[in-house]
Asker: 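Got a structure for you, questions after.
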Amino acid sequence: MEKNEKNTSMKLRFLGTAAATSMPLVFCNCEICKQARINKGKDFRKRTSAIINNEMLIDLSPDLCSMANLYDIDLGKIKCLLQTHSHSDHFDGGHFITRWSEYATKNLTHLDIFCSNGTANDINHRVKEEEPTFDLFDKGWQKDMNFQLHILKHNDSIKYNNYEIRAINSLHDDRIEALVYIVSSNNKKILYGTDLLEISSESWDILRKYKLDLVILDQTYGEGFNNGGHLDAGKVVSIINKMKKENIINENTLVYATHISHEGNNTHEKMEKEAIQNGYHIAYDGLEIQL
Ligand SMILES: [Zn+2]
Ligand SMILES: [Zn+2]
Ligand SMILES: [Zn+2]
């Protein structure tokens, strides 16, 4: 951590908060996308990603470079990549391959990568599209690109420097064993819950062991617009209510929705008004939260 961050136990910045390709959607002219083009600001959303304490990146988004430039983040200092899953809005093989010595990247910081086995296999295919001889599991490539791979499965908990990372099955895509994570450090606990289909009863048993300070949930869809694979506004509210009832969160816990699409959602301002009435907030690109 940087010296000036000593008084902060944990800091999370939303780098991107959009579902699928971005907000507005490339070719879309629905009312919400039209409004986004007029309003700009909080209604422009890049693909979902976040960073903790400027050193732990959650998802290697295709928009990573523009995010880093906008928010003045030195990606050369990233020590850890927590990858939820390998869908193309969360992982960019083209960015990753630039760690290879062929690209003449200098002074690479060692990178610890955490993901499921299914996601690692899929990432491997995606990076192979950039360089066919690449192999994520090969020690030679790991040495050249200065990274180490740590495979996690549902309910695994590992210590990493000052952090504890707990993996939870997101049920978002079984083929690639998609995960969400609870990250704890200095007595502060964050649930990074996107992309998320639902919290299974087994996962609720895990969550009951935590008192969360920050909860981030998938709100891809507005209520009644669920096309599958994700939570919607209605499901977000019922999860929040259940978390309160089960004492997983309290009145001091911050709750934010992210991974916002144009399907049944609205402008940031209108969504935020509605969310506040239900005890949470809508994230936007660049928003920084200090715990
Ligand atoms: Zn996604
Ligand atoms: Zn649209
Ligand atoms: Zn996904």
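All ligand and atom numbering here is 1-based and tracks the order in the structure.
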Asker: Can you name the residues that form a salt bridge (charged side-chain N to carboxylate O under 4.0 Å, His left out) with Arg13, not counting sequence neighbours?
Answerer: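 Arg13 satisfies salt bridge (charged side-chain N to carboxylate O under 4.0 Å, His left out) with Glu288 once adjacent residues are dropped.
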Asker: Looking only at N, O or S atoms in His262, which is nearest to the Zn ion (ligand 2)?
Answerer: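 For His262, the N, O or S atom at the smallest distance from the Zn ion (ligand 2) is ND1.
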Asker: Given SG of Cys28 on one side and SG of Cys30 on the other, what angle do they make at the Zn ion (ligand 2), to 10°?
Answerer: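 That angle works out to 110° after rounding to 10°.
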Asker: Strictly under 6.0 Å, is that where the ring centroids of Phe114 and Tyr181 end up?
Answerer: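 For Phe114 and Tyr181, the ring centres are not under 6.0 Å apart.
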Asker: Could you give me the CA-CA distance, side-chain angles and deciding distance for His150 and Asp112, then say whether side chain to side chain donor-acceptor pair (under 3.5 Å) is met?
Answerer: CA-CA 7 Å; His150 307 268; Asp112 286 292; 2.7 Å; yes
Asker: Everything protein-side that's N, O or S and under 2.8 Å from the Zn ion (ligand 3): list it, residue and atom.
Answerer: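 Short answer, with waters excluded from the count: His85 NE2, His87 ND1, His172 NE2, Asp195 OD2.
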Asker: Taking atom types as modelled, find out whether Tyr163 and Asn53 have a side-chain donor-acceptor pair closer than 3.5 angstrom.
Answerer: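 There is such a pair between these side chains.
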Asker: Can we say Arg175 and Asp122 salt-bridge, meaning some charged N sits less than 4.0 Å from an Asp/Glu carboxylate O?
Answerer: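 Counted as a salt bridge, because a side-chain N and a carboxylate O are separated by less than 4.0 Å.
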Asker: Among side-chain atoms of Asn227 and Glu263, is any donor-acceptor pair under 3.5 angstrom?
Answerer: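 On atom types as modelled, these side chains qualify, holding a pair under 3.5 Å.
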Asker: Quick one: are the ring centres of His90 and His259 less than 6.0 Å apart?
Answerer: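 They qualify: ring centres under 6.0 Å apart.
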